[in-house]
**Student:** 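Following this message is one structure expressed as structure tokens.
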Amino acid sequence: MTGPTAEIISLMDAGRKGDREAYAQLLDRYKQDLWGYLVNHLRKREDAEDLYQEISLKVFGHLGELRDPARFRSWLFSIAVNAVRSFYRKKKPVLDDERLALEAANPDQTPLAVLERHERGKLLRRCLKQLAEREREVLLLDVMAELPQADIAQQLDLNLNTVKTILRRTRIKLARMMTEAAND
Amino acid sequence: MTEELNLDRLEELLETLEPAQIRSQYAQQLGKNPACNDMLKMFEDLDEDLVQLKMADPAPVIRTRRRPRFPMHWALPLAAGLMVAFLASMKLLSPLMENADSVTQLDKTSVDERLHEPRRALTGADEDMAAASPSDDYEPEAELEQQAPLKKRKPERPVPASMIQEEEENRSFADVESKPETEVVTPAQPRTDGNGVVVSASEEMAPAEKLASKKEGKRDLKDKAALPKERKKVSKQTKTDSGQGTSARFEAGKSSADQAQRQKVEAVTKQEQHTRAEGAAAGERSENVVLGESKDVANINTLKEEVVSSGVLDQAQSSERVARNSQRVEDDNIAFDSLASRNRPEPAAASAPAAGRKLEAAGLSDGLVSGSLASQSDMQTWLKLFRDKKKPLADMFHSVATIHWPLATNPAQYPPLSLQLIRWEQAGYFRVRWTETGSAAPRSGFLAIYLDSRGLCFRLEPVE
């Protein structure tokens, strides 16, 4: 994670003072990471959308409570992690929703290559959901949320080395699951 | 390393070694076991795939601000409701408030008086009185009224002088009318003389006076018949005077009162004539003009016309709205038609200069459909229509499922195709089957739909 620039700090200051535009710009920088984390963590896209909205509003509402702007990303994802946990407490997991957004073809790639990549994405999504809760959470916080491993350890109340081990093993496990699924 | 490599062993190795090290150390085993090779490749590409996965699905747009509702939706009804409630409460409460004002004033005065009044030394009688009756009942109202007179109530609105004058005139009229009316209209009451014999009023008069009164009565009758209703008051006045039996007074009273009334009647008549003239000028309504109503009728008719005209306007507006709605209902079709027409192929010669990227295997060019899409949303519309098959494929391609290839320099080289959509594959690709005109053998492959600077493009890629 790169350190917060002066722009981010000024955006945060403006956001704290109630400037919605500054808040939107600030959130814009992290929205894809947050969305990636949520949509791959939750089974249903609609749930991810609801949670995304809820987290965004929560972030906006509590922006004034954040003292260190450098910790914005960690703070944002701590809210996200808690929101996901409380979501799972309230709701039972439901079936996967494989619906994807409509996208146009990429003329620079051959259709077979595109379809292969697409198939692999679907497979990865499916395998991600077969991972244990802790493994998935650590991996998504690392890859999607791009949180430093120390922050992940702090968020999940784990040792840093444990986080590193979990990450390595989860990647290996995922690769094996995907290989076996592809060969089946 | 001669150790056999399987997936379990690879897992163990991956925990300690980097993929590149494994490749170099176990190259031979990896060649023998493709599953291990695949797994290693998966592991290497995993981070990239995860990032792709993150970027593949764009984050939804969050509306941080609610769309402001048009204030007229709620402000006007609310204001109207408040106004009605306020008026109703004022109307209901006004009498109560008036009473409450006076009572409150009275109470306040009495309290003030009691507070400021020096306390009297109670006599023995007073003490008895106080013991006999509760002190609260002691209300010397007359005394209070004298000490603190109530405020005069002011009229709510100043009464105009004309109204006061009119009121006075009416009163004077009423005074004049009231007595003779009772005497003239009501039958003569039988009265008794001192001996108890019933005598009539006529019998009390002198014969000369009787004759005079008869004559006046006849004249009055004539007047009654001649004058309109408003003059009846004057005739009553004459009767009054005749009833008193003094012809001179009668004449004088008649002349003054009658003159005033005639002036009034003339004024009314003039006004009527004026309004008639107006009605006649208006033309169409002149025949229906009734005295005293012409202006109202005219106003009503004007209003009616306004209402009718506004109704016509409303009708026009509503019909326009209906048309707009029906247009909206057909939006999908229109959007589709516009897309289709924009993307309708032009003659081959027109678009020939564009470089055709040929597909070697099929011997076909890119299926560029001429025209351009306005935006990505148009593209989304196309894809959605394709995917959901809401339109038959034939309609999609503006003809009977035939794609022309306008980029072809020689149309004969790239003949029209009969295209059959098999299924929607993600990422803008469709599984399709097509048959070239003149060729019996169907071919299958992918139809890619994409946007580039030239517009909406189709590309067929056969799978052999």
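Scope of the values below: all heavy atoms of this structure, side chains included, with no hydrogens, waters or symmetry mates.
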**Student:** Looking only at side-chain N and O atoms, does B/R23 offer a donor or acceptor that is under 3.5 Å from a partner on B/N37?
**Tutor:**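 Short answer, yes.
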
**Student:** To the nearest 0.5 Å, what is the distance between CD (A/Q130) and NZ (A/K173)?
**Tutor:**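 Rounded to the nearest 0.5 Å, the CD-NZ separation comes out at 9.5 Å.
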
**Student:** Select one option (side chain, backbone, both, neither) describing which atoms of A/R120 are under 4.5 Å from chain B's heavy atoms.
**Tutor:**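 Only the side chain of A/R120 comes within 4.5 Å of chain B.
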
**Student:** Compare all side-chain heavy atoms of B/E15 with those of A/T165 and state whether any distance is below 4.5 angstrom.
**Tutor:**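 In short, these two side chains do not touch, never coming nearer than 4.5 Å.
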
**Student:** For chain B, find which of A/M178, A/R171, A/R169 contributes the most heavy-atom pairs closer than 4.5 angstrom.
**Tutor:**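 With the most close heavy-atom pairs to chain B, the winner is A/R171.
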
**Student:** A/L34 versus chain B, heavy atoms under 4.5 Å apart: side chain, backbone, both or neither?
**Tutor:**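 Neither part.
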
**Student:** Select one option (side chain, backbone, both, neither) describing which atoms of A/V39 are under 4.5 Å from chain B's heavy atoms.
**Tutor:**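 Interface part for A/V39: side chain.
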
**Student:** Among the options B/D45, B/V51, B/L50, pick out the one with the most heavy-atom pairs lying under 4.5 Å from chain A.
**Tutor:**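 Of B/D45, B/V51, B/L50, B/L50 has the most heavy-atom pairs under 4.5 Å with chain A.
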
**Student:** So for B/Q52, is it side chain, backbone, both, or neither that comes closer than 4.5 Å to the heavy atoms of chain A?
**Tutor:**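 Contact with chain A: side chain only.
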
**Student:** Determine the interplanar angle of the A/F77 and A/Y37 rings, folded into 0 to 90°, and report it as parallel if under 30°, tilted if 30 to 60°, perpendicular if over 60°.
**Tutor:**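 Answer is perpendicular, since the angle exceeds 60°.
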
**Student:** Should A/E146 and B/K54 count as an ion pair when the cut-off is N to O under 4.0 Å?
**Tutor:**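 B/K54 and A/E146: salt-bridged.
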
**Student:** Is it the side chain or the backbone of A/L38 that comes within 4.5 Å of chain B heavy atoms, both, or neither?
**Tutor:**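 Nothing of A/L38, per the 4.5 Å heavy-atom cut-off to chain B.
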
**Student:** Using non-hydrogen atoms only, which part of A/L174 is less than 4.5 Å away from chain B: side chain, backbone, both, or neither?
**Tutor:**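 Looking at A/L174, just its side chain touches chain B.
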
**Student:** Between B/E11 and A/I172, does a side chain to side chain contact (heavy atoms under 4.5 Å, CB included) hold up when you go through it step by step?
**Tutor:** CA-CA 6 Å; B/E11 266 193 42; A/I172 296 167; 3.3 Å; yes

**Student:** Classify the ring geometry of A/W35 against A/Y52: parallel below 30°, tilted from 30° to 60°, perpendicular beyond 60°.
**Tutor:**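 A/W35 and A/Y52: perpendicular rings.
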
**Student:** For A/D28, is it the side chain, the backbone, both or neither that has a heavy atom under 4.5 Å from a heavy atom of chain B?
**Tutor:**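 Neither part, no heavy atoms under 4.5 Å.
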
